[in-house]
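Reading through the structure tokens given below for one structure.
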Amino acid sequence: MPQWRDFLERFRPSGAPGAAGKPGIPADRVGDAAAELVPLLQLLDDAQDEAARIRSDAAERADEVRGTARREADAIVARARAETERVRAEAEAATRSRAAAARSDLRARTATEIEELQARVAERMPGHVDKVLTAARMWLDQSAHHPVEATEG
């Protein structure tokens, strides 16, 4: 461990340009720093090794997680592809069922409308038949009285 006096000695200027000063050897700052820092950095080597091991373990675990996720995703896609035919068949059956119900409803409404029309025809037909018979009798009566006019007109 350096002494306090050695620490202060590092800050002594040596050989600065200008007036002559006390002769000295320039301080080996790099050597001093290395001598001071090497023991501390050696203590960090273990921490660096531990950090490298942790990073390596984390990378391996991340690869495992990615692999598991990829397998799960592939399984989900495979199940979805397997289920598409069933879902398509169910959708088709539901659509056909709705179409059949709509067709049945349309037929029922059409049958009801036909029945209503037939009822109106049956109700109105006697009146129209009477009008046609009356007109035909009048025409026949006119042609019997005026045979030439009836054939010309």
Side-chain angles (χ1 to χ4, degrees), residues 1-4 6-11 13 16 26-153:
M1 184 82 187
Q3 297 293 326
W4 182 250
D6 296 334
F7 177 78
L8 291 176
E9 186 65 28
R10 288 192 314 180
F11 296 103
D28 183 11
R29 290 194 162 92
V30 173
D32 289 344
E36 249 181 70
L37 293 177
V38 165
L40 293 174
L41 294 175
Q42 286 174 344
L43 293 176
L44 290 178
D45 285 345
D46 293 338
Q48 284 179 337
D49 292 342
E50 179 68 13
R53 187 190 59 76
I54 290 171
R55 280 192 300 274
S56 173
D57 291 348
E60 288 175 14
R61 178 67 183 135
D63 288 342
E64 289 174 13
V65 168
R66 276 193 295 273
T68 301
R70 188 175 302 114
R71 285 188 297 278
E72 288 176 6
D74 290 344
I76 290 169
V77 168
R79 280 193 309 269
R81 287 187 176 142
E83 298 250 341
T84 54
E85 184 59 31
R86 182 188 58 80
V87 170
R88 188 201 59 76
E90 287 176 1
E92 181 181 353
T95 302
R96 287 182 186 269
S97 175
R98 283 193 305 269
R103 196 170 42 246
S104 176
D105 182 49
L106 181 61
R107 284 182 181 155
R109 284 185 290 152
T110 303
T112 302
E113 288 178 18
I114 289 171
E115 288 174 5
E116 289 173 2
L117 284 173
Q118 287 174 340
R120 279 193 296 190
V121 166
E123 180 184 306
R124 294 179 182 175
M125 187 59 82
H128 289 296
V129 169
D130 287 342
K131 287 180 185 178
V132 170
L133 281 175
T134 303
R137 281 187 186 144
M138 283 177 47
W139 182 75
L140 287 172
D141 286 343
Q142 283 180 354
S143 54
H145 294 301
H146 309 290
V148 176
E149 293 177 12
T151 55
E152 291 178 3

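Values in this document were obtained by computation on a predicted structure and should not be read as measured data.
A side-chain donor-acceptor contact under 3.5 Å links Thr95 to the backbone of Ala91. A side-chain donor-acceptor contact under 3.5 Å links Thr112 to the backbone of Ala108.
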Please tabulate, for side-chain N and O atoms in residues 41-51, each donor-acceptor pair with protein atoms closer than 3.5 Å (sequence neighbours left out).
unit_1 : atom_1 : unit_2 : atom_2 : d
Glu50  : OE1    : Arg53  : NE     : 3.4
Glu50  : OE1    : Arg53  : NH2    : 3.4
Glu50  : OE2    : Arg53  : NH2    : 2.3

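Distance check, rounded to the nearest 0.5 Å: CZ of Arg81 to CD1 of Ile76 gives 12.5 Å.
Annotation: salt bridge (charged side-chain N to carboxylate O under 4.0 Å, His left out) contacts involving residues 63-72, sequence neighbours excluded, comprise Arg61-Glu64, Asp63-Arg66. For the salt bridge (charged side-chain N to carboxylate O under 4.0 Å, His left out) condition, no pair includes a residue of residues 110-138, sequence neighbours left out. Judged as a salt bridge (charged side-chain N to carboxylate O under 4.0 Å, His left out), the pairs with a partner in residues 95-104 (not counting sequence neighbours) are, in order, Glu92-Arg96.
Judged as a side chain to side chain contact (heavy atoms under 4.5 Å, CB included), and not counting sequence neighbours, the contacts of Leu133 are Val129. Thr110 meets the side chain to side chain contact (heavy atoms under 4.5 Å, CB included) test with Leu106, Ile114; sequence neighbours excluded.
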